[in-house]
Amino acid sequence: MEGSNATPQANGQAESSDGFFGEVNQMFDEAAARTDHPRGVLHQIRACDNIIRFEFPIERDDGSIQVIRGYRGEHSHHMQPTKGGIRYAPSVNVDEVMALSALMSYKCAIVDVPFGGAKGGVCIDARNYSTTELERITRRYTFELERKDFIGPGTDVPAPDYGTGPQEMAWIMDTYNQIGDEDLNALACVTGKPVGQGGVRGRTEATGRGVYYGIREACAYPKDMKRLGLEMGLEGKSVVIQGLGNVGYHAARFLEDGGAKIVGIAEIEGAIHDPDGLDVDDVVAHREETGSILGFADVENIETSAAALELPCDILIPAALEGVITTDNAPDIQASIIAEAANGPVTSEADEILQEKNAMIIPDVYLNAGGVTVSYFEWLRNLSHVRHGRMSRRFEERNAERILRAVDELTAEDFSEDLLESLIEQVGFGAGERDLVHSGLEDTMSHAYDEIRAIREKKGVDMRTAAFVSAIDKIAGSYDQMGIFP
């Protein structure tokens with residue numbers, strides 16, 4: 001079999017060498033050169049299996065007709081179903097969908113979630129449409145996906161992304177139910193749904209919580225922190241975060257609770273900076289009241305969001321859109337750790353500059369995998385038709401109480417009833433769904449980080465390359481076990 005030292009050939013996929021997909025493939029190629037898998041297998045992993053583009057009309061509230069463009073890409077079927085979000089943004093295009101679907105394949109492999117990667121999008125700015133218009137768009141988009149066999153519990157399972165949320169996922173689920181054959185597992189056709197419609201508790205904050213777990217893991221290694229000139233742990237570390245949406249907000253909140261100090265926050269309207277620290281909830285409340293984070297308390301206002309990326313800090317978290325750190329601003333980045341909460345926030349050229357500056361980059365392909373991990377838990381919940389923890393919670397509570405009372409009987413001096421009741425209240429509880437989701441997410445992120453770091457140390461590469469090597473090895477292993485049909 002051929003080795004993999006040469007770059008896998010694109011076989012006519014011209015789009016794979018340029019744009020966002022080209023950036024992803026460049027990262028893939030650098031990692032692939034560190035493996036010994038056959039070139040043909042590497043090309044199969046790298047290629048995007050299916051991509052569709054379609055257009056459909058919708059009636060606006062004023063009676064006018066508008067043609068909407070939609071996309072869905074399925075990057076890899078080494079595991080099924082495929083899995084990936086749907087974003088509503090005017091910038092959605094074929095290149096972006098292919099790139100994001102590829103990242104989803106690698107992301108799922110890294111955190112051992114048994115899905116292939118997919119991604120979808122609709123070319124609209126959701127802010128310019130009423131709720132009823134968005135519902136019509138979402139339902140028609142779902143109809144197009146179902147008609148083309150690009151959605152289903154065992155086929156392709158969408159989720160929220162930029163510009164979408166639980167409401168859109170509920171419309172997708174209901175539309176799929178209305179137009180499809182009766183399917184006992186139909187709830188599992190989409191994740192990120194409201195809890196009352198089959199969603200899982202803990203999904204809303206999952207990506208941000210995963211970012212927190214990943215950063216916490218990175219800061220737990222003395223050798224790595226010493227190289228960066230930092231102390232172990234999160235306590236006292238200064239953080240700048242770009243993007244105060246769902247991911248950015250929850251990541252900032254959990255980091256704040258973990259002892260870190262949020263010194264800068266950037267949003268589309270600009271940024272604010274306070275070396276003494278910002279209270280995240282107070283900033284959010286100010287923005288809800290005024291429509292902007294600017295003018296908050298007695299802090300420094302910064303005119304542009306991009307300028308905040310260059311603020312002095314220990315940890316920089318780009319949690320908005322891709323391509324915000326480029327060759328133009330990378331030389332001025334002062335952070336020791338760049339934690340990629342967004343997809344593709346650092347270009348490949350900027351990545352090289354940051355590596356030369358001895359910065360640690362925690363790659364997006366690992367760090368923002370919390371969302372798909374908990375989506376996996378939701379998918380399992382829908383297939384099993386039972387809430388996580390429902391059958392065991394009371395048993396665990398009573399078992400813990402029995403153990404405490406047995407300890408009380410075995411000790412020479414009895415516990416007072418008040419002390420016993422206090423102990424039972426503190427430790428004698430069963431895990432509910434949210435507890436189990438958080439526990440599963442924490443274990444997933446911790447285990448995946450350890451795997452990536454071990455590859456980094458063994459091969460002498462950066463964290464991004466190590467993460468891609470981890471994904472390539474796992475996907476290649478899957479293809480090796482399955483063989484090639486026919």
Side-chain angles (χ1 to χ4, degrees), residues 19-20 22-24 26-27 30 91 211 214-215 218-219 224-231 234 236-245 247-248 251-252 255 260-278 280 283 292-296 299-368 461-465 467:
F20 188 12
E23 293 273 347
V24 173
Q26 183 175 335
M27 298 171 197
E30 290 174 2
S91 61
V211 170
I215 295 173
C219 293
D224 296 346
M225 291 301 99
K226 183 177 181 180
R227 180 177 65 83
L228 297 172
L230 300 174
E231 296 293 325
L234 289 172
K237 285 188 170 57
S238 57
V239 177
V240 170
I241 189 157
Q242 183 196 46
L244 205 54
V247 177
L255 286 165
K261 182 168 60 173
I262 312 300
V263 298
I265 297 175
E267 254 297 340
I268 191 169
E269 64 269 15
I272 55 176
H273 176 229
D274 186 352
D276 295 327
L278 299 160
V280 176
V283 173
S292 173
I293 62 173
L294 300 177
F296 172 73
V299 302
E300 177 189 0
N301 290 314
I302 299 172
E303 190 172 333
T304 66
S305 176
L309 299 171
E310 301 171 16
L311 288 170
C313 62
D314 297 319
I315 304 170
L316 172 63
I317 307 175
L321 294 176
E322 62 268 4
V324 296
I325 299 179
T326 67
T327 53
D328 293 332
N329 59 4
D332 299 316
I333 300 294
Q334 300 185 57
S336 299
I337 300 172
I338 294 88
E340 296 183 326
N343 286 313
V346 181
T347 67
S348 56
E349 294 85 358
D351 189 287
E352 293 178 7
I353 294 171
L354 293 171
Q355 297 291 348
E356 290 171 1
K357 288 163 63 74
N358 200 39
M360 173 190 282
I361 300 174
I362 309 176
D364 56 344
V365 75
Y366 155 74
L367 191 63
N368 62 26
V461 296
D462 59 270
M463 289 294 288
R464 189 189 309 283
T465 303

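- Listed by first and then second residue, the salt bridge (Lys or Arg N to Asp or Glu O under 4.0 Å) pairs that reach into residues 312-321 come to none, sequence neighbours excluded.
- Every side-chain hydrogen bond (donor to acceptor under 3.5 Å, both in side chains) that Glu269 has, sequence neighbours left out, goes to Arg287.
- Within the structure, the salt bridge (Lys or Arg N to Asp or Glu O under 4.0 Å) test picks out the following pairs touching residues 319-331 (sequence neighbours left out): Arg87-Glu322.
- A side-chain donor from one of Asp462 and Thr465 sits under 3.5 Å from a side-chain acceptor of the other.
- In terms of the side-chain hydrogen bond (donor to acceptor under 3.5 Å, both in side chains) criterion, Glu303 has no residue partners (sequence neighbours excluded).
- Partners of Ala467 by side-chain contact (heavy atoms from CB on, under 4.5 Å), not counting sequence neighbours, listed by chain and number: Ile110, Pro363, Val365, Ile452.
- Of the options Ile215, Ile315, Ile317, a side chain to side chain contact (heavy atoms under 4.5 Å, CB included) to Ile362 is made by Ile215 and by none of the others.
- Thr347 pairs by the side-chain contact (heavy atoms from CB on, under 4.5 Å) definition with Glu23, Thr326, Glu349, Ala350, not counting sequence neighbours.
- Shown here are the ring pair (Phe, Tyr, Trp, His ring centres under 6.0 Å) partners of Phe296, two or more places apart in sequence or in another chain: His286.
- Applying the side-chain hydrogen bond (donor to acceptor under 3.5 Å, both in side chains) rule to Asn358 yields the partners Arg227; only residues at least two apart in sequence or on another chain are considered.
- Judged as a ring-ring contact (aromatic ring centres under 6.0 Å, His included), not a single pair has a partner in residues 325-360 (not counting sequence neighbours).
- There is no side-chain donor-acceptor pair under 3.5 Å between Glu267 and Ser305.
- In terms of the side-chain hydrogen bond (donor to acceptor under 3.5 Å, both in side chains) criterion, residue partners of Asp224 (sequence neighbours excluded) are, by chain and number, Arg453, Arg456.
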Show me the donor-acceptor pairs within less than 3.5 Å that the side chains of residues 306-313 make with the rest of the protein, sequence neighbours left out.
none

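- For the atom pair CE (Met360) and CG (Leu230), the distance works out to 9.0 Å, reported to the nearest 0.5 Å.
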Acceptor/donor pairs from residues 335-343 side chains to any protein atom, 3.5 angstrom cut, sequence neighbours excluded:
unit_1 : atom_1 : unit_2 : atom_2 : d
Glu340 : OE1    : Asp364 : N      : 2.8
Glu340 : OE1    : Arg464 : NH1    : 2.9
Glu340 : OE1    : Arg464 : NH2    : 3.4
Glu340 : OE2    : Arg464 : NH2    : 2.8
Asn343 : OD1    : Lys107 : NZ     : 3.3
Asn343 : OD1    : Asn368 : ND2    : 3.1

